[in-house]
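See structure below.
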Amino acid sequence: MRRSRNVAHGFAVGQLPAARQAELIAAMGEAGITMTTVAPIGAAPLPLHALRDAGVAVGLGTDGIRDLWSPYGTGDLLTLTTQLSRLSGFRYDEDLVTAARIATADAGRFVGRAVHDLVVGAPADVVLVDAENVPDAVVRAPRRALVVAGGRVVARDGEVLV
């Protein structure tokens, strides 16, 4: 397996002048460099669409519940997806779906999974929420009705069972 090169917490990318930012993103795509973020409030938003268009895989995650970036973390990726969307100024459904994909299916490569989506052959990991659709779930971050990990129910109605 090829060793990947990842930029974590590269918040300065969002602060670069447009021309320099475009050059850097193109070079990152050509070099196969990936990027991960915790979407900290107050940081300059990353140019997510430009990164993805250049072939730079972007992942969303958390490196701690209370960490150097914020003491308000919960480790909840749906809440982080909402935060990423707000930081990025996402208002349209397709952008909210993009944020959800960054936190879910696209993140597979960052956790060593070739398949990380709701498809045949994927691990039986799923979170069910009472939402109209993906954008609704991102905007409201509703309570998790059911969490299944490895085919086993691990939480129901917000209560951890393991």
Side-chain angles (χ1 to χ4, degrees), residues 1-127 129 133-135 137-139 141 144 147-150:
M1 183 170 161
R2 184 174 163 235
R3 177 175 275 210
S4 66
R5 294 168 288 188
N6 183 69
V7 174
H9 309 304
F11 311 126
V13 173
Q15 299 170 341
L16 294 173
R20 178 64 186 119
Q21 188 181 82
E23 289 173 10
L24 177 63
I25 290 171
M28 289 172 68
E30 289 172 18
I33 295 172
T34 61
M35 188 159 206
T36 51
T37 185
V38 296
I41 297 299
L46 292 174
L48 297 174
H49 292 301
L51 287 162
R52 291 165 54 89
D53 290 347
V56 177
V58 179
L60 176 68
T62 180
D63 53 6
I65 302 303
R66 292 185 65 169
D67 61 22
L68 295 174
W69 312 111
S70 171
Y72 300 106
T74 64
D76 184 314
L77 277 178
L78 184 52
T79 301
L80 276 175
T81 303
T82 303
Q83 185 169 304
L84 175 68
S85 297
R86 291 182 75 183
L87 177 64
S88 301
F90 287 174
R91 300 173 56 106
Y92 301 107
D93 285 358
E94 58 269 15
D95 291 330
L96 298 170
V97 169
T98 295
R101 289 205 64 80
I102 288 170
T104 59
D106 293 355
R109 72 180 301 149
F110 297 98
V111 293
R113 289 189 175 173
V115 180
H116 196 61
D117 207 345
L118 290 175
V119 295
V120 174
D125 296 339
V126 67
V127 178
V129 296
N133 51 34
V134 171
V138 172
V139 170
R144 305 332 161 249
V147 179
V148 178

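Here the structure is a predicted model, which is why all the values come from computation and not from measurement.
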For this session: Compare every heavy atom of Gly29 with every heavy atom of Val56, then report the nearest pair and how far apart it is.
Result: CG2-N, 3.5 Å

For this session: Answer yes or no: is there a side-chain heavy-atom contact under 4.5 Å between Asp117 and Arg101?
Result: yes

Problem set entry | Nearest atoms (heavy-atom pairs only) where Leu84 meets Thr37 | CD1-CG2, 4.3 Å

Exercise. Side chain of Gln21, backbone of Val13: donor and acceptor closer than 3.5 Å?
Worked result: yes

Exercise. Do His49 and Asp95 pass the side chain to side chain contact (heavy atoms under 4.5 Å, CB included) test, and can you show the C-alpha distance, the side-chain angles, and the key distance before you say yes or no?
Worked result: CA-CA 9 Å; His49 292 301; Asp95 291 330; 2.8 Å; yes

For this session: Taking Thr82 for its side chain and Val138 for its backbone only, find out whether a donor-acceptor pair lies under 3.5 Å.
Result: yes

Exercise. If you take all heavy atoms of Leu77 and Ala103, which pair is closest and at what distance?
Worked result: CD1-O, 4.1 Å

Problem set entry | Minimum side-chain heavy-atom gap Leu78-Val127 below 4.5 Å | no

Exercise. Between Glu23 and Leu16, is any pair of side-chain heavy atoms under 4.5 Å apart?
Worked result: no

For this session: Can you establish whether the number of heavy atoms outside Arg52 located under 6.0 Å from its atom CZ is more than 12?
Result: yes

Exercise. Is the shortest heavy-atom distance from the side chain of Leu46 to the side chain of Ser88 under 4.5 Å?
Worked result: no

Exercise. Nearest heavy-atom pair of Gly10 and Met35: which atoms, and what distance?
Worked result: O-CE, 3.2 Å

Seminar exercise, completed: Rounding to 0.5 Å, atoms CG (Asn6) and OG1 (Thr36) come to a distance of 4.0 Å

Exercise. Can you name the nearest heavy-atom pair linking Leu80 to Gly61, along with the distance?
Worked result: CD1-O, 3.6 Å

Exercise. Is any side-chain heavy atom of Leu48 closer than 4.5 Å to a side-chain heavy atom of Thr98?
Worked result: no

Seminar exercise, completed: Heavy atoms of Val115 and Pro123 approach each other most closely as O-CD, 3.6 Å

Exercise. Quick one: are Pro47 and Ile25 in side-chain contact, heavy atoms under 4.5 Å?
Worked result: yes

For this session: Check whether any side-chain N or O of Thr34 sits under 3.5 Å from a backbone N or O of Arg5 as a donor-acceptor pair, and report yes or no.
Result: yes

Problem set entry | Flag, side chain of Thr79 to backbone of Gly75, donor-acceptor distance under 3.5 Å | no

For this session: Nearest 0.5 Å please: distance from the CG atom of Leu51 over to the CG atom of Asp53.
Result: 9.0 Å

